[in-house]
S.K.: 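This is the structure I have questions about; it appears just below.
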Amino acid sequence: MAIHFHNQPGLVVYLTIGDPDLATSKRIALAAIDAGADVLELGVPFSDPLADGPVIQRASERAVHNGTSMEDVLALASSLRKERPSVGLVIFSYLNPILRMGMESFAAAAEKAGVDAVLVTDLTVEESEEYRAALRKHRLQPIFLAAPTSPDDRLARIAEVSEGFIYAISRVGITGAQQQVAGDARELVTRLRRYTKLPIALGFGISNAAHVAVVAEYADAAVVGSAIVALIEQSSAQEAPTAVGKFIAALRTPVASKSAVS
Amino acid sequence: MIDETVKEMPSSATVPGRFDAYGGRYVPETLMAALQELEVAYADAQRDPAFASELSTLLHHYAGRPTPLYFASRLTESLGGAKIYLKREDLLHTGAHKINNCLGQGLLARRMGKRRIIAETGAGQHGVATATVCALFGMECIVYMGQEDMRRQELNVYRMRLLGAEVRGVSAGSATLKDAINEAMRDWVVNVRTTHYLLGSVLGAHPYPTMVRNFHRVIGIEARQQMLEMEGRLPNAVLACVGGGSNAIGAFYEFIPDKNVRLIGVEAGGRGSALGDHAARFQGGSPGVLQGTYSYVLQDDAGQISNTHSVSAGLDYASVGPEHAALHDSGRAEYVSASDDAALQATVRLARTEGILPALESAHAVAEAVRIAPAMDRNDILLINVSGRGDKDMGILARELKLQGA
Ligand SMILES: Cc1ncc(COP(=O)(O)O)c(C=O)c1O
């Protein structure tokens, strides 16, 4: 299948699956979709999330601790696909859990689950040949990250092999909520546009409606992760789905946006 | 007496950053430009005779190279078998081989104009060596160290702070080396434009495993030469402990073409063979990606990285340098393990027969020599790389060996 953004700006929501538990993750995911998320990034918890800030680290640790595996995440994807056929589903993982399952078995299982695309945090274009072949075989779209530090020749390569959308990292750093959208972001998106017609989703640090409004000025979608994971951490399992739904619904409310640019 | 005809090029020299299937570069996109910059700067430095000459001057006048090769006659006698020679990296400035790499990368960071240095440390020896080089070059130094390691290697924490480094404790996971590397990598992702990550072993993404190995090659180059001078022939085996694998690859590399020389890497057998009780990657591990490189990793069925245990903080790590993975698979090097107890006993034996107190890490290599020497011929030769000295371990030794204090 393929990713579509039905709204402008599109909204991509990241969740660490298994935090606080699988059943709650499913209810949160449904609430997120119903509140307007176009795409869900289903985060596979990993013991050593070295690209993540403290919020997602803690979520990952809780989810690993309660035994959430790749199989669990794919099973969740499969049930979301049945209940919400048009949502975009992205498996968001570090490489090792995929290697452990086997690239081919993983891709086959992800296709069967109705997943649209895959993003691997610690896999860059250079090392991705076998991975992309496996995804292609199973009609899964590879999504790659583009960073403010990526020189133009890398952006060109990233654009060439990405499908679905490109995930532009808004600032030099790890995941985590920020006060403002970094000035790096607009420049990166401008550079990327020279190489791609794909939608560009901007993420890392996007945490409120003002940020989303700024992102909408030059990118196609906003990715919201740590802010939602933090909200889940602060809520009881009972309340989390409603809290997340409300939070997401409020992200597209119009606000005075200019003040949020650094 | 060396047979030049059995020499061949080390298997690993073909694809940059790859050691057969292992190695590579598995990092977040944000770091790619920095790794490429480092690769170019390193290649440029390698072509610059001024770099080599400055490094060798520092290694000689500052760090104390060459280190002696010492015939351990009383240890040899006590075991009644192979002759045992010790390569004395413990005599280097700061007390371990780590300074070889730190001087090299410190010079490189200076060439790149990066004045903020970050590092991870397990036993604290790499942190101390990094703090030392930063003091020498007037650079800012931040060292990440697991809180468990800070506790058990407290003397080195004091040393780093005295040298002007900032030591940041890491409480995540098992609060040991792996967790310190995660945190150092996060720092690097955030501060990549101004910061050099001075990685302390043959781990991580390309070019680190190759570059760090090259900075330690001097160990084997000297030892091979010294062996020929002292004995007129090569040893039957070279032994070294393997944490990330830097002292071992440094000691092994020059001997790789000498097919008759066994290369024996000794991992931490810890307190047992269950996952979580040791750090013997070649016994309980399988190929996977951790912290930038593809190598043997201790992991569970879901691909989550296991916790590890060793009495020595420097060997307490879930993965191993990718070049060792290739040497393992090709059979060119053998990997065995020594338990916590065997390492402690070997420490005492070396101290009491030779008056040399090895680091607990190095004691693992000594333990394997103690195990195999008695059954060997008296004309056989074992060369042990004593990667560091044991002063840092006095707290653990006092406790484990129930030594009497004041
Ligand atoms: C004395 C000593 N030997 C060995 C090691 C293990 O590292 P490597 O395997 O990279 O030599 C350490 C690490 O802290 C050390 O301090």
S.K.: Considering only heavy atoms, which portion of B:Ile181 lies under 4.5 Å from any heavy atom of chain A: side chain, backbone, both, or neither?
M.R.: neither
S.K.: Of the listed residues (A:Val172, A:Leu145, A:Leu99, A:Val44), which shares the most heavy-atom pairs with chain B below a 4.5 Å separation?
M.R.: A:Val172
S.K.: Determine the option with the most heavy-atom pairs under 4.5 angstrom with chain B, choosing from A:Ile98, A:Ile169, A:Val64.
M.R.: A:Val64
S.K.: Please determine whether side chain to side chain contact (heavy atoms under 4.5 Å, CB included) holds for the pair B:Glu29 and A:Ile158, giving the CA-CA distance in whole Å, both sets of side-chain angles, and the decisive distance to 0.1 Å.
M.R.: CA-CA 10 Å; B:Glu29 173 64 24; A:Ile158 289 164; 3.6 Å; yes
S.K.: Rounded at 0.5 Å granularity, tell me how far CZ in B:Arg18 sits from CD in A:Glu127.
M.R.: 4.5 Å
S.K.: Of all of B:Glu183, B:Gln299, B:Met185, which one pairs up most often with chain A through heavy atoms under 4.5 Å apart?
M.R.: B:Gln299
S.K.: Of all the heavy-atom pairs spanning A:Arg100 and B:Asp300, show the shortest one and how long it is.
M.R.: NE-O, 3.1 Å
S.K.: Taking all atoms of both residues into account, what is the closest heavy-atom pair of A:Thr149 and B:Thr30, and its distance?
M.R.: OG1-O, 2.8 Å
S.K.: Would the number of heavy atoms belonging to other residues, nucleotides or ligands and lying under 6.0 Å from CG of A:Asp153 be above 12?
M.R.: yes
S.K.: What do you reckon, is CD of A:Glu129 surrounded by more than 12 foreign heavy atoms closer than 6.0 Å?
M.R.: no
S.K.: Would you mind checking which part of A:Ile174 comes under 4.5 Å of any heavy atom in chain B, side chain (CB onward), backbone (N, CA, C, O), both or neither?
M.R.: both
S.K.: With a 4.5 Å cut-off on side-chain heavy atoms, are A:Pro49 and B:Arg186 touching?
M.R.: yes
S.K.: Heavy-atom pairs under 4.5 Å with chain B: which of A:Pro54, A:Ser150, A:Ser69, A:Gly67 has the most?
M.R.: A:Ser150
S.K.: Mind ranking B:Gly24, B:Ala33, B:Pro28 by heavy-atom pairs under 4.5 Å with chain A and telling me who comes out on top?
M.R.: B:Pro28
S.K.: Look at the side chain of A:Asn96 and the backbone N and O of B:Gly303, then say whether any donor-acceptor pair between them is shorter than 3.5 Å.
M.R.: yes
S.K.: Where does A:Gln57 contact chain B at under 4.5 Å (heavy atoms): side chain, backbone, both or neither?
M.R.: side chain
S.K.: Using a 4.5 Å cut-off on heavy atoms from C-beta on, say whether the side chain of A:Glu126 contacts that of B:His206.
M.R.: no
S.K.: In Å, rounded to the nearest 0.5 Å, how long is the span from OH of A:Tyr94 to CG of B:Leu290?
M.R.: 11.5 Å
S.K.: What residue in A:Pro151, A:Ala51, A:Ala147, A:Pro148 has the most heavy-atom pairs under 4.5 Å with chain B?
M.R.: A:Ala147
S.K.: For the candidates A:Val125, A:Thr68, A:Asp52, A:Leu123, which exhibits the highest count of non-hydrogen atom pairs separated by less than 4.5 Å from chain B?
M.R.: A:Asp52
S.K.: A:Asp184 and B:Arg193: which non-hydrogen atoms are nearest, and at how many Å?
M.R.: OD2-NH1, 3.4 Å
S.K.: Hey, what do you get for OG1 (B:Thr293) to CG (A:Asp122), rounding to the nearest 0.5 Å?
M.R.: 11.5 Å
S.K.: If every non-hydrogen atom of B:Gln291 is compared with every non-hydrogen atom of A:Asp48, which pair is closest and at what distance?
M.R.: NE2-OD2, 4.4 Å
S.K.: A:Ser47 versus B:Asn307: any side-chain heavy-atom pair under 4.5 Å?
M.R.: no
